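Note sheet for the following structure.
Just so you know, these numbers use all the heavy atoms, side chains as well, and skip hydrogens, waters and symmetry mates. All figures in this text were calculated on a predicted structure; none of them were measured in a lab. Position 1 is the first residue of the sequence, and the numbers go up from there.
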Amino acid sequence: PSKKLDFFNWCRSFKPNFKHSAVTYSHIFRTLCRSGFVEEVPNLLFLMKEDGVLVDSSTFKLLLDAFIRSGKFDTALEILDYMEESGACLNASVYDSVLVALARKGQVGLALSMFCKLLEACNGNDNGNSVVSSLPGSVAINELLVALKKADMRAEFKQIFDKLREKKDFELDTCGYNICIHTFGCWGDLGASLSLFKEMKQKEKSSSSCSFGPDLCTYNSLIHILCSVGKVKDALIVWEELKVSGHEPDVFTYRILTQGCSKSYKINDAMKIFSEMQYNGFAPDTVVYNSLLNGLFKARKLMEACQLFEKMVQDGVRASCWTYNIMIDGLFRNGRAEAAYTLFCDLKKKGQFVDGVTYSIVVLQLCREGQLEEALQLVEEMEDRGFLVDLVTITSLLVGFYKQGRWDWTERLMKHIRGGNLVPNVLKWKANMEALMKNPPKNRKDYTPLFPSRGDFIEIRSFAGQAMGNNIDSEDCDEKDQEMPFIETDQWSSSPYMDQLANQVKSSEHSSRLFSLRRGQRVKEKGIGSFDVDMVNTFLSIFLAKGKLSLACKLFEVFTDMGVDPVSYTYNSIMSSFVKKGYINEAWGVLNEMDEKVCPTDVATYNLIIQGLGKVGRADIASSILEKLMKQGGYLDIVMYNTLINALGKAGYINEASKLFEQMRSSGINPDVITYNTLIEVHTKAGQLKDAYRYLKMMLDAGCSPNHVTDTILDNLGKEIDKLRLQKASIVCTNNNNGDDS
């Protein structure tokens, strides 16, 4: 190659005004690309311009590919500009490699700009200087869509998607459909995903080609979407249908379902899927084990979680940092603080599987226990080891200081946390907040309610219907089938049930959901964008824990007037205090404001709604509220079960409370001490002492340790039993005196 290049240059110098032909340039370019001498290409391009010749588009594409492979994107783009300026007749395939490379290397903005120019050129809007006659290929477009999804560029993704749909000469292939279905689903637009699936099926029927039909990746994406929006029952039905169709579930199917069931407290289903996964020859990985461990700990299945961890080690599955974080957090939450701290210390000694999240979990637990000195020392150790002390850890310490009345300890944070500027920002925010609270700006009219209520709290059923939206309700499939026009079913479909869901979708279902499956977090930690609301949530927690409701409301008013947008945790905190103090109308006003601000409700919101219904003596409508919650993808966690059992039991619905207890156990959630205490108390007050004693025995047999509340309840139970014995003894004496041998 080097001798060819020397001869090429000698020809120009040997004879004056000598010009190489386009074929010669094409040959030397190909030689240089094959041999790796691409650094000589820019000089030759300059000579080619002097000679006034132009190589064909296939040679240019070879040059582009060579520079892209070597990572020289700037040079590749310069070559592309040269081609366009020289008026070369380029086809779309020339741009494909550039688009793919830019998308894969994270240069999404550049790829997007290039693609938009190509679209304009195809539409003839480029001032008549069109260099391409058709769109880039499906591979390049799919890569661009994937890059936009990874970069969370939602508006740009939708813009490209809409423009492609307008092009009559372009059709998405199966991979393109899968990307769009998965993307819209991950962004919460179930309706759009199902509409695309329906369109995919229709094209499969009308086309002789098999390039449009759904494949296993399509169904995996749809199952993932159903699980992510809480429709785990629907996902399980689709999974069962796939098992007897041509699409056998793979390792990704099992992983998705295990994660979905674990997150929605369907622990028995998760364990069943886990067992079937192993039976079918798929080896569970760390992600699957982590999901199951987290679900078991949340369901209070401590022994099962520890046994699963032992099995994970025995099977040779490598535990990750996240695995040990789940273990430590789960042990803390299940009353095994000593075991959790021992595990943490062992991991530190080994010098592995400990990260900033691990330290944050332990610091939070120490703050809960009031061990503030130890928490501060641990934070200092955390920083010495090179871990970032995040806002979650700092605000946990703040809450601990105020809870213990250590108002003056906030300045000690500067001593123990020396790195970064987060602590100074927190202290500066606190000082500004205190100044604003003393002299708040007068933006509201005097005597205007902070949360004006409209109507009555009993209208909560209509609110629940609005909050859930009008999405697909798979529980009412039979009723909807009667209302819907006849739709021909595909007897060869891999999942008739998925077809049914897609047929029920409406165009209005492309709106965002007003119910969030994830509980609101006190600290979202999304950088400067969420710093204000994170700090407002922290000090709301501090003030409300001290019973200072008026101060908390003042804080809420000051910062919302300044433009801070509350999140679900903010509203739930205020509403929780209102419900506890019996301010039901004000709580109803909070719900109304959440609806107006389009702030999603979550499981914690509905937990408070049930508490409020119990306060106003309307626990009877709690079941209908929960039915709506479950139908739209909500779930009952242990807190929700305890709240509902308490509300029903105190309202006199003893049988319903007992049935809910059995439902709780059958779903795979182990009752905790609060559950048993509630059941013993309500049965004792209802005079059903045998049942109260039965629940006490169940509690002890389950290994659930009583607490101080149990002691008080048992004292009442003992008094009721003594009363019953006295009554029986009195009846026996009366009968004996009357000569009644019965």
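Using a 4.5 Å heavy-atom threshold, the side chains of R406 and L372 count as touching. Looking at heavy atoms from C-beta onward, I584 lies out of side-chain contact with F578 at the 4.5 angstrom threshold. Looking only at side-chain heavy atoms (C-beta outward), F184 and L190 stay at 4.5 Å or farther from each other. For the pair V357 and C321, the minimum side-chain heavy-atom distance is 4.5 Å or more. Within the 4.5 Å cutoff, the side chain of I669 has no heavy atoms near those of the R300 side chain. Annotation: side chain of Y569 is not in contact with side chain of Q521 (no heavy-atom distance under 4.5 Å). Side-chain contact check for V536 versus F556: every heavy-atom pair is 4.5 Å or farther apart. No side-chain heavy atom of T643 sits less than 4.5 Å from a side-chain heavy atom of L608.
With T183 contributing its side chain and C180 its backbone, the two residues share no donor-acceptor pair below 3.5 Å. With T358 contributing its side chain and D355 its backbone, the two residues share a donor-acceptor pair below 3.5 Å. For N642 (side chain) and I674 (main-chain N/O), no donor-acceptor pair under 3.5 Å exists by modelled atom type. One N or O on the side chain of N572 and one on the backbone of S568 form a donor-acceptor pair closer than 3.5 Å. In terms of modelled atom types and a separation under 3.5 Å, the side chain of S113 and the main chain of L110 share no donor-acceptor contact. Of the possible polar contacts, one joining the S193 side chain to the G185 backbone as a donor-acceptor pair under 3.5 Å is found. When atom types are taken as modelled, the side chain of D602 and the backbone of G520 share a donor-acceptor pair closer than 3.5 angstrom. The backbone N or O of I225 sits less than 3.5 Å from a side-chain atom of S228, completing a donor-acceptor pair. Under the 3.5 Å distance criterion, the side-chain polar atoms of S262 are left unmatched by any main-chain donor or acceptor of Q259. Using a distance-only test at 3.5 Å, with no hydrogens or angles considered, a donor-acceptor pair links the side chain of N425 to the main chain of N421.
The shortest heavy-atom contact between L164 and F115 is CD2-CZ, 3.8 Å. Pairing each heavy atom of A552 with each of L540, the nearest pair is O-CD2, 3.4 Å. Here the shortest heavy-atom pairing between L194 and L501 reads CD1-O, 4.0 Å. Counting all heavy atoms, side chain and backbone alike, H224 lies closest to C186 at NE2-SG, 3.9 Å. Smallest separation of non-hydrogen atoms from M382 and V389: CE-CA, 3.9 Å. Between V354 and F387, the closest heavy-atom pair is O-CZ, 3.2 Å.
In this structure, K546 places its NZ atom where more than 12 heavy-atom neighbours from other residues, nucleotides or ligands lie under 6.0 Å away. Residue K403 places its NZ atom among 12 or fewer non-hydrogen atoms of other residues, nucleotides or ligands, all under 6.0 Å distant. Residue R333 qualifies as open at atom CZ: its count of foreign heavy atoms under 6.0 Å is 12 or below.
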If you look only at distance, which donor and acceptor atoms sit under 3.5 Å apart when one is on a side chain in residues 141-148 and the other is two or more places apart or in another chain?
{"from": "N142", "atom 1": "ND2", "to": "S138", "atom 2": "O", "distance (Å)": "3.2"}
{"from": "N142", "atom 1": "ND2", "to": "D173", "atom 2": "OD1", "distance (Å)": "3.3"}
{"from": "E143", "atom 1": "OE2", "to": "R104", "atom 2": "NE", "distance (Å)": "3.2"}
{"from": "E143", "atom 1": "OE2", "to": "R104", "atom 2": "NH2", "distance (Å)": "2.9"}

(message) Using side-chain contact (heavy atoms from CB on, under 4.5 Å), reason through S396 and R522 one step at a time and then give a plain yes or no.
(response) CA-CA 10 Å; S396 298; R522 175 170 56 82; 3.4 Å; yes
(request) Give the intermediate values and the outcome of side-chain contact (heavy atoms from CB on, under 4.5 Å) for residues V533 and D565. (result) CA-CA 7 Å; V533 73; D565 292 325; over 6 Å; no
(request) With side-chain contact (heavy atoms from CB on, under 4.5 Å) as the test, would you mind laying out the steps for V362 and F332 before giving the verdict? (result) CA-CA 9 Å; V362 180; F332 276 135; 4.2 Å; yes
(request) Begin with the C-alpha distance, continue with both residues' side-chain angles, and end with the deciding distance and a verdict on side-chain hydrogen bond (donor to acceptor under 3.5 Å, both in side chains) for T393 and D390. (result) CA-CA 6 Å; T393 311; D390 58 8; 2.6 Å; yes
(message) Would M535 and K430 count as a side-chain contact (heavy atoms from CB on, under 4.5 Å) here? Give the steps.
(response) CA-CA 8 Å; M535 293 303 296; K430 174 181 170 289; 5.6 Å; no
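Checked for salt-bridge contact, K438 and E434 miss the test: no charged N lies under 4.0 Å from a carboxylate O. Ion pairing of D152 with K150 is absent here, as no side-chain N (NZ or NE/NH1/NH2) approaches a carboxylate O to less than 4.0 Å. Under a 4.0 Å N-O distance rule, the pair E380/R385 does not qualify as a salt bridge.
For W187, the ring pair (Phe, Tyr, Trp, His ring centres under 6.0 Å) test picks out F157, with sequence neighbours left out. In terms of the ring pair (Phe, Tyr, Trp, His ring centres under 6.0 Å) criterion, Y583 has no residue partners (sequence neighbours excluded).
In summary, the side chains of S320 and T323 do present a donor paired with an acceptor at a separation below 3.5 Å, with no hydrogens or angles considered. With no hydrogens or angles considered, no side-chain donor-acceptor pair links N178 and S221 at under 3.5 Å.
The ring of Y402 has its center no closer than 6.0 angstrom to the ring center of F543. For W429 and F539, the ring centers sit closer than 6.0 Å to each other.
Atom CD1 in I181 sits 10.0 Å away from atom OG in S195 (nearest 0.5 Å). Rounded to the nearest 0.5 angstrom, L376 CG and E381 CD are separated by 13.0 Å. The distance from atom OG1 of T570 to atom CG of N537, rounded to the nearest 0.5 Å, is 3.5 Å. Note that the CD1 atom of I645 and the OG1 atom of T675 stand 5.5 Å from one another [nearest 0.5 Å]. In this structure, the separation between CG on L222 and CG on D234 is 11.5 Å, given to the nearest 0.5 Å. Here I326 contributes atom CD1 and W322 contributes atom CH2; the two are 6.5 Å apart, rounded to the nearest 0.5 Å.
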